[in-house]
There are 2 protein chains.
Amino acid sequence: MNSCSYINLTGVILVSVEYDDLCSIQCIHEEKVAATAELMPSEDTTQALAHIFKILSDNSRIKILFALMHNELCVCDLAAVTGSSESSVSHHLRLLRADKLVKYRREGKVVYYSLADEHVEKIFQQGLEHVIE
Amino acid sequence: MNSCSYINLTGVILVSVEYDDLCSIQCIHEEKVAATAELMPSEDTTQALAHIFKILSDNSRIKILFALMHNELCVCDLAAVTGSSESSVSHHLRLLRADKLVKYRREGKVVYYSLADEHVEKIFQQGLEHVIE
DNA sequence: TTAATATATGAACAACTGTTCATACATTAA
DNA sequence: TTAATGTATGAACAGTTGTTCATATATTAA
(Lines give C-alpha, C1' and ligand atoms only; values in the text may rest on other atoms or scores of the structure.)
Protein backbone atom coordinates (compact mmCIF):
# COMPACT_ATOMS: atom_id res chain seq x y z
CA MET A 1 0.00 0.00 0.00
CA ASN A 2 1.43 3.30 -1.06
CA SER A 3 -0.14 6.70 -0.55
CA CYS A 4 0.10 9.63 -2.88
CA SER A 5 -0.84 13.14 -1.81
CA TYR A 6 -0.56 16.59 -3.30
CA ILE A 7 -0.20 19.61 -1.07
CA ASN A 8 -0.70 23.17 -2.28
CA LEU A 9 0.89 26.43 -1.15
CA THR A 10 -1.47 26.89 1.78
CA GLY A 11 -0.70 23.46 3.13
CA VAL A 12 -4.16 22.14 2.41
CA ILE A 13 -4.12 18.56 1.25
CA LEU A 14 -5.88 18.54 -2.08
CA VAL A 15 -5.57 14.87 -2.83
CA SER A 16 -4.84 11.93 -0.61
CA VAL A 17 -5.51 8.63 -2.26
CA GLU A 18 -4.03 5.23 -1.53
CA TYR A 19 -2.90 3.08 -4.39
CA ASP A 20 -2.05 -0.59 -4.38
CA ASP A 21 0.52 -0.31 -7.10
CA LEU A 22 3.11 2.42 -6.64
CA CYS A 23 0.92 5.40 -7.58
CA SER A 24 1.21 4.42 -11.19
CA ILE A 25 -2.00 2.64 -12.01
CA GLN A 26 -4.61 4.69 -13.86
CA CYS A 27 -4.03 7.41 -16.39
CA ILE A 28 -2.85 10.15 -14.03
CA HIS A 29 -0.08 12.38 -15.38
CA GLU A 30 1.72 12.72 -12.07
CA GLU A 31 3.98 15.61 -12.91
CA LYS A 32 1.23 17.76 -14.42
CA VAL A 33 -1.09 16.97 -11.52
CA ALA A 34 1.54 17.89 -8.95
CA ALA A 35 2.43 21.11 -10.77
CA THR A 36 -1.24 22.06 -11.11
CA ALA A 37 -1.93 21.28 -7.44
CA GLU A 38 0.80 23.75 -6.45
CA LEU A 39 -0.91 26.50 -8.40
CA MET A 40 -4.40 25.86 -7.07
CA PRO A 41 -5.95 28.51 -4.82
CA SER A 42 -6.94 27.51 -1.31
CA GLU A 43 -10.19 25.71 -0.55
CA ASP A 44 -11.43 28.87 1.18
CA THR A 45 -10.86 30.88 -1.98
CA THR A 46 -12.67 28.49 -4.30
CA GLN A 47 -15.56 28.24 -1.86
CA ALA A 48 -15.80 32.00 -1.58
CA LEU A 49 -15.88 32.31 -5.35
CA ALA A 50 -18.50 29.58 -5.67
CA HIS A 51 -20.56 31.33 -3.01
CA ILE A 52 -20.58 34.73 -4.70
CA PHE A 53 -21.54 33.16 -8.03
CA LYS A 54 -24.33 31.26 -6.28
CA ILE A 55 -25.72 34.54 -5.03
CA LEU A 56 -25.64 35.83 -8.61
CA SER A 57 -27.17 32.66 -10.07
CA ASP A 58 -30.82 33.55 -9.53
CA ASN A 59 -32.92 35.39 -12.12
CA SER A 60 -34.80 37.43 -9.52
CA ARG A 61 -31.60 38.61 -7.89
CA ILE A 62 -30.08 39.46 -11.27
CA LYS A 63 -33.10 41.63 -12.01
CA ILE A 64 -32.91 43.34 -8.64
CA LEU A 65 -29.26 44.20 -9.20
CA PHE A 66 -29.89 45.48 -12.73
CA ALA A 67 -32.72 47.66 -11.43
CA LEU A 68 -30.43 49.14 -8.79
CA MET A 69 -27.82 50.10 -11.37
CA HIS A 70 -29.82 53.16 -12.37
CA ASN A 71 -31.82 54.19 -9.33
CA GLU A 72 -31.99 53.79 -5.62
CA LEU A 73 -35.25 51.88 -5.10
CA CYS A 74 -37.39 50.69 -2.20
CA VAL A 75 -38.61 47.12 -1.72
CA CYS A 76 -41.99 47.98 -3.19
CA ASP A 77 -40.41 49.48 -6.31
CA LEU A 78 -38.16 46.46 -6.75
CA ALA A 79 -41.13 44.13 -6.50
CA ALA A 80 -42.90 46.14 -9.21
CA VAL A 81 -39.89 46.31 -11.53
CA THR A 82 -38.92 42.67 -11.19
CA GLY A 83 -42.44 41.25 -11.11
CA SER A 84 -41.88 39.43 -7.82
CA SER A 85 -43.73 39.64 -4.54
CA GLU A 86 -42.43 42.03 -1.90
CA SER A 87 -41.75 39.10 0.39
CA SER A 88 -39.66 37.35 -2.21
CA VAL A 89 -37.73 40.53 -2.95
CA SER A 90 -37.11 41.06 0.74
CA HIS A 91 -35.71 37.55 1.12
CA HIS A 92 -33.40 38.12 -1.83
CA LEU A 93 -32.26 41.48 -0.49
CA ARG A 94 -31.27 39.77 2.74
CA LEU A 95 -28.85 37.55 0.83
CA LEU A 96 -27.53 40.47 -1.21
CA ARG A 97 -27.01 42.48 1.98
CA ALA A 98 -25.21 39.60 3.69
CA ASP A 99 -22.67 39.54 0.88
CA LYS A 100 -22.36 43.30 0.74
CA LEU A 101 -23.61 43.51 -2.82
CA VAL A 102 -26.20 46.13 -1.87
CA LYS A 103 -26.42 48.81 0.78
CA TYR A 104 -29.52 50.49 2.17
CA ARG A 105 -30.82 53.45 4.11
CA ARG A 106 -34.08 53.84 5.92
CA GLU A 107 -36.23 56.94 5.47
CA GLY A 108 -39.27 56.66 7.68
CA LYS A 109 -41.08 53.48 6.81
CA VAL A 110 -39.34 53.13 3.48
CA VAL A 111 -35.99 51.37 3.01
CA TYR A 112 -34.01 52.42 -0.05
CA TYR A 113 -31.56 49.97 -1.58
CA SER A 114 -28.65 50.68 -3.89
CA LEU A 115 -25.57 48.87 -5.21
CA ALA A 116 -22.74 48.66 -2.68
CA ASP A 117 -20.02 49.28 -5.27
CA GLU A 118 -19.15 48.81 -8.93
CA HIS A 119 -18.15 45.15 -8.63
CA VAL A 120 -21.53 43.81 -9.64
CA GLU A 121 -21.56 45.84 -12.84
CA LYS A 122 -18.08 44.61 -13.76
CA ILE A 123 -18.98 40.98 -13.09
CA PHE A 124 -22.18 41.33 -15.13
CA GLN A 125 -20.17 42.89 -17.93
CA GLN A 126 -17.83 39.89 -18.05
CA GLY A 127 -20.74 37.47 -17.78
CA LEU A 128 -22.56 39.16 -20.66
CA GLU A 129 -19.47 39.03 -22.83
CA HIS A 130 -19.48 35.26 -22.47
CA VAL A 131 -23.22 34.99 -23.06
CA ILE A 132 -23.06 37.09 -26.21
CA GLU A 133 -20.13 34.89 -27.32
CA MET B 1 -60.52 48.64 -10.91
CA ASN B 2 -57.58 50.11 -12.75
CA SER B 3 -54.62 48.22 -14.13
CA CYS B 4 -51.07 49.42 -14.21
CA SER B 5 -48.38 47.77 -16.32
CA TYR B 6 -44.82 48.55 -17.25
CA ILE B 7 -43.42 47.49 -20.58
CA ASN B 8 -39.73 47.49 -21.37
CA LEU B 9 -37.91 47.99 -24.63
CA THR B 10 -38.31 44.41 -25.77
CA GLY B 11 -42.03 44.52 -25.28
CA VAL B 12 -42.01 42.08 -22.40
CA ILE B 13 -44.51 42.97 -19.73
CA LEU B 14 -42.54 43.28 -16.54
CA VAL B 15 -45.38 44.16 -14.23
CA SER B 16 -49.10 43.84 -14.56
CA VAL B 17 -50.91 44.46 -11.33
CA GLU B 18 -54.44 45.61 -10.72
CA TYR B 19 -55.09 48.28 -8.15
CA ASP B 20 -58.36 49.34 -6.53
CA ASP B 21 -57.35 52.93 -6.18
CA LEU B 22 -55.85 54.54 -9.26
CA CYS B 23 -52.40 52.96 -9.12
CA SER B 24 -51.55 55.14 -6.16
CA ILE B 25 -51.93 52.90 -3.16
CA GLN B 26 -48.74 51.37 -1.80
CA CYS B 27 -45.35 52.97 -1.71
CA ILE B 28 -44.43 52.60 -5.37
CA HIS B 29 -42.54 55.52 -6.89
CA GLU B 30 -44.22 55.31 -10.27
CA GLU B 31 -41.88 57.51 -12.24
CA LYS B 32 -38.72 55.82 -10.99
CA VAL B 33 -40.22 52.38 -11.54
CA ALA B 34 -41.27 53.23 -15.10
CA ALA B 35 -37.86 54.75 -15.90
CA THR B 36 -36.07 51.74 -14.45
CA ALA B 37 -38.30 49.30 -16.31
CA GLU B 38 -37.31 50.95 -19.59
CA LEU B 39 -33.65 50.33 -18.84
CA MET B 40 -34.02 46.72 -17.80
CA PRO B 41 -32.47 44.05 -20.04
CA SER B 42 -34.75 41.42 -21.56
CA GLU B 43 -35.89 38.38 -19.63
CA ASP B 44 -33.74 36.25 -21.93
CA THR B 45 -30.68 38.25 -21.00
CA THR B 46 -31.19 38.06 -17.25
CA GLN B 47 -31.89 34.34 -17.49
CA ALA B 48 -28.76 33.77 -19.54
CA LEU B 49 -26.70 35.65 -16.98
CA ALA B 50 -28.26 33.73 -14.10
CA HIS B 51 -27.55 30.50 -15.94
CA ILE B 52 -23.87 31.16 -16.49
CA PHE B 53 -23.41 32.17 -12.86
CA LYS B 54 -25.21 29.00 -11.80
CA ILE B 55 -22.68 26.97 -13.73
CA LEU B 56 -19.92 28.82 -11.89
CA SER B 57 -21.57 28.46 -8.48
CA ASP B 58 -20.24 25.02 -7.59
CA ASN B 59 -16.97 24.49 -5.75
CA SER B 60 -16.02 21.41 -7.76
CA ARG B 61 -16.52 23.21 -11.06
CA ILE B 62 -14.56 26.22 -9.80
CA LYS B 63 -11.66 23.90 -8.97
CA ILE B 64 -11.84 22.21 -12.35
CA LEU B 65 -11.68 25.56 -14.12
CA PHE B 66 -8.79 26.79 -11.99
CA ALA B 67 -6.90 23.58 -12.70
CA LEU B 68 -7.41 24.06 -16.43
CA MET B 69 -5.96 27.58 -16.32
CA HIS B 70 -2.44 26.21 -16.28
CA ASN B 71 -2.53 22.87 -18.01
CA GLU B 72 -4.55 20.81 -20.36
CA LEU B 73 -5.70 17.88 -18.20
CA CYS B 74 -7.59 14.62 -18.63
CA VAL B 75 -10.57 13.53 -16.55
CA CYS B 76 -8.36 11.38 -14.35
CA ASP B 77 -5.98 14.26 -13.65
CA LEU B 78 -8.87 16.58 -12.84
CA ALA B 79 -10.28 14.05 -10.40
CA ALA B 80 -6.90 13.85 -8.67
CA VAL B 81 -6.34 17.61 -8.54
CA THR B 82 -9.83 18.47 -7.34
CA GLY B 83 -10.28 15.51 -5.02
CA SER B 84 -13.49 14.36 -6.68
CA SER B 85 -14.44 11.06 -8.25
CA GLU B 86 -13.94 10.65 -11.97
CA SER B 87 -17.67 10.21 -12.43
CA SER B 88 -18.42 13.45 -10.64
CA VAL B 89 -15.81 15.30 -12.68
CA SER B 90 -17.23 13.87 -15.88
CA HIS B 91 -20.72 15.06 -14.99
CA HIS B 92 -19.39 18.54 -14.26
CA LEU B 93 -17.43 18.61 -17.49
CA ARG B 94 -20.61 17.89 -19.39
CA LEU B 95 -22.17 21.06 -18.01
CA LEU B 96 -19.03 23.08 -18.69
CA ARG B 97 -18.92 21.75 -22.25
CA ALA B 98 -22.60 22.56 -22.82
CA ASP B 99 -21.91 26.20 -21.99
CA LYS B 100 -18.71 26.31 -24.00
CA LEU B 101 -16.58 27.07 -20.97
CA VAL B 102 -14.19 24.23 -21.79
CA LYS B 103 -13.09 22.51 -24.97
CA TYR B 104 -11.61 19.05 -25.37
CA ARG B 105 -9.68 16.79 -27.67
CA ARG B 106 -9.43 13.02 -27.63
CA GLU B 107 -6.10 11.26 -27.90
CA GLY B 108 -6.66 7.54 -27.90
CA LYS B 109 -8.54 6.59 -24.77
CA VAL B 110 -7.72 9.84 -23.04
CA VAL B 111 -9.75 13.04 -23.38
CA TYR B 112 -7.89 16.27 -22.66
CA TYR B 113 -9.82 19.29 -21.46
CA SER B 114 -8.81 22.94 -21.53
CA LEU B 115 -10.44 26.36 -21.13
CA ALA B 116 -12.44 27.45 -24.16
CA ASP B 117 -11.34 31.08 -23.91
CA GLU B 118 -10.23 33.76 -21.49
CA HIS B 119 -13.71 34.67 -20.28
CA VAL B 120 -13.59 32.41 -17.24
CA GLU B 121 -10.34 33.92 -16.04
CA LYS B 122 -11.75 37.43 -16.36
CA ILE B 123 -14.96 36.54 -14.53
CA PHE B 124 -12.96 34.86 -11.76
CA GLN B 125 -10.77 37.95 -11.53
CA GLN B 126 -13.81 40.17 -10.99
CA GLY B 127 -15.33 37.69 -8.54
CA LEU B 128 -12.12 37.55 -6.53
CA GLU B 129 -11.92 41.32 -6.36
CA HIS B 130 -15.29 41.35 -4.66
CA VAL B 131 -14.40 38.49 -2.32
CA ILE B 132 -11.16 40.17 -1.27
CA GLU B 133 -13.21 43.35 -0.70
C1' DT C 1 -12.64 -11.58 -31.34
C1' DT C 2 -11.72 -10.52 -26.01
C1' DA C 3 -9.74 -7.88 -22.21
C1' DA C 4 -8.40 -3.70 -20.26
C1' DT C 5 -8.99 1.06 -19.50
C1' DA C 6 -10.64 6.03 -19.98
C1' DT C 7 -14.65 8.38 -20.17
C1' DA C 8 -19.70 9.17 -20.29
C1' DT C 9 -24.27 8.75 -18.60
C1' DG C 10 -28.80 7.29 -16.34
C1' DA C 11 -31.08 6.46 -11.94
C1' DA C 12 -31.60 7.33 -7.24
C1' DC C 13 -31.20 9.89 -3.17
C1' DA C 14 -29.99 13.41 0.11
C1' DA C 15 -29.23 18.21 0.49
C1' DC C 16 -30.27 22.72 -0.94
C1' DT C 17 -33.08 26.71 -2.81
C1' DG C 18 -36.90 30.04 -4.10
C1' DT C 19 -41.48 31.11 -3.41
C1' DT C 20 -45.68 31.64 -0.78
C1' DC C 21 -48.20 32.44 3.31
C1' DA C 22 -48.60 33.94 7.80
C1' DT C 23 -46.85 36.74 11.08
C1' DA C 24 -43.69 39.91 13.35
C1' DC C 25 -41.28 44.26 13.53
C1' DA C 26 -40.64 49.28 12.65
C1' DT C 27 -42.20 53.75 11.74
C1' DT C 28 -45.64 57.32 11.26
C1' DA C 29 -50.11 59.43 11.82
C1' DA C 30 -54.22 59.97 14.29
C1' DT D 1 -52.42 54.48 22.94
C1' DT D 2 -54.29 52.37 18.19
C1' DA D 3 -54.34 51.90 13.21
C1' DA D 4 -52.05 51.82 8.97
C1' DT D 5 -48.25 50.69 6.19
C1' DG D 6 -43.50 49.27 4.59
C1' DT D 7 -40.37 45.82 5.46
C1' DA D 8 -38.45 41.51 7.47
C1' DT D 9 -38.54 36.74 8.59
C1' DG D 10 -39.81 31.80 9.89
C1' DA D 11 -42.11 27.64 8.26
C1' DA D 12 -43.45 24.72 4.71
C1' DC D 13 -43.42 22.86 0.25
C1' DA D 14 -42.13 21.93 -4.47
C1' DG D 15 -38.49 22.00 -7.52
C1' DT D 16 -33.54 21.69 -8.35
C1' DT D 17 -28.76 20.02 -7.84
C1' DG D 18 -24.39 17.23 -6.79
C1' DT D 19 -22.79 12.90 -5.69
C1' DT D 20 -22.60 7.90 -5.88
C1' DC D 21 -23.27 3.59 -8.00
C1' DA D 22 -24.01 0.79 -11.82
C1' DT D 23 -23.62 0.44 -16.46
C1' DA D 24 -22.63 1.82 -21.20
C1' DT D 25 -19.53 3.52 -24.77
C1' DA D 26 -15.02 4.19 -27.01
C1' DT D 27 -10.41 3.10 -27.91
C1' DT D 28 -6.35 0.22 -27.78
C1' DA D 29 -3.79 -4.02 -27.17
C1' DA D 30 -3.51 -8.83 -27.30
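We name chains A, B, ... by the order of the sequence lines, and we start the count at 1 in each one.
Within the nucleic acid shown, A/Y113 comes within 4.0 Å of sugar-phosphate atoms alone, with no base atom in reach, counting heavy atoms only.
Side-chain atoms of B/S88 lie closest to D/dT20 of the nucleotides C/dT19, D/dT20, D/dG6. Here the side chain of B/V110 is nearest to one of D/dT7, C/dG18, C/dT7, namely C/dT7.
For B/N71 and A/H29, the side-chain atoms include no donor-acceptor pair closer than 3.5 Å. For the residue pair B/S42/B/T45, the side-chain donor-acceptor check at 3.5 Å is satisfied. With no hydrogens or angles considered, no side-chain donor-acceptor pair links A/S85 and A/S88 at under 3.5 Å.
Separating the CD atom of B/E86 from the P atom of D/dC21 is a distance of 13 Å, rounded to the nearest angstrom. When the C1' atom of D/dT7 is taken as reference, atom NE2 of B/H29 falls 14 Å away, rounded to whole Å. One can place CG of A/L78 at 17 Å from C1' of C/dT19, the figure rounded to the nearest angstrom.
Sorted by first and then second residue, the salt bridge (charged side-chain N to carboxylate O under 4.0 Å, His left out) pairs with a member in residues 81-95 of chain B form an empty list; sequence neighbours excluded. The salt bridge (charged side-chain N to carboxylate O under 4.0 Å, His left out) pairs that include a residue from residues 53-62 of chain A number zero, where partners must be two or more places apart or lie in different chains. Among pairs with a residue in residues 105-121 of chain A, those fulfilling salt bridge (charged side-chain N to carboxylate O under 4.0 Å, His left out) read A/E72-A/R105, A/R105-A/E107, at least two apart in sequence or across chains.
Contacts between residues 52-59 of chain B and DNA chain D, defined by a heavy-atom separation under 4.0 Å, are made by B/K54, B/D58. DNA chain D is contacted by A/R94, A/R97, A/K109 of residues 93-109 of chain A, taking any non-hydrogen atom closer than 4.0 Å.
The side-chain ring of B/H91 is not stacked on the base of D/dT19, judged by centre separation under 5.5 angstrom and plane angle under 30 degrees.
One cannot find a donor-acceptor pair under 3.5 Å joining the base of C/dT19 and the side-chain atoms of A/S60. Between the side chain of B/S87 and the base of C/dT9 there is at least one donor-acceptor pair of N/O atoms closer than 3.5 Å.
OP1 or OP2 of D/dT20 lies within a sub-4.0 Å distance of a side-chain N or O belonging to B/S85.
The two residues B/A79 and B/V89 make their nearest non-hydrogen contact at CA-CG2, 3.7 Å.
In this structure, the side-chain contact (heavy atoms from CB on, under 4.5 Å) partners of A/Q125, at least two apart in sequence or on a different chain, are A/E129.
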>> If you apply the rule side chain to side chain donor-acceptor pair (under 3.5 Å), what do you find for A/H51 with A/D99, and how did you get there?
In response: CA-CA 9 Å; A/H51 176 77; A/D99 279 288; 3.0 Å; yes

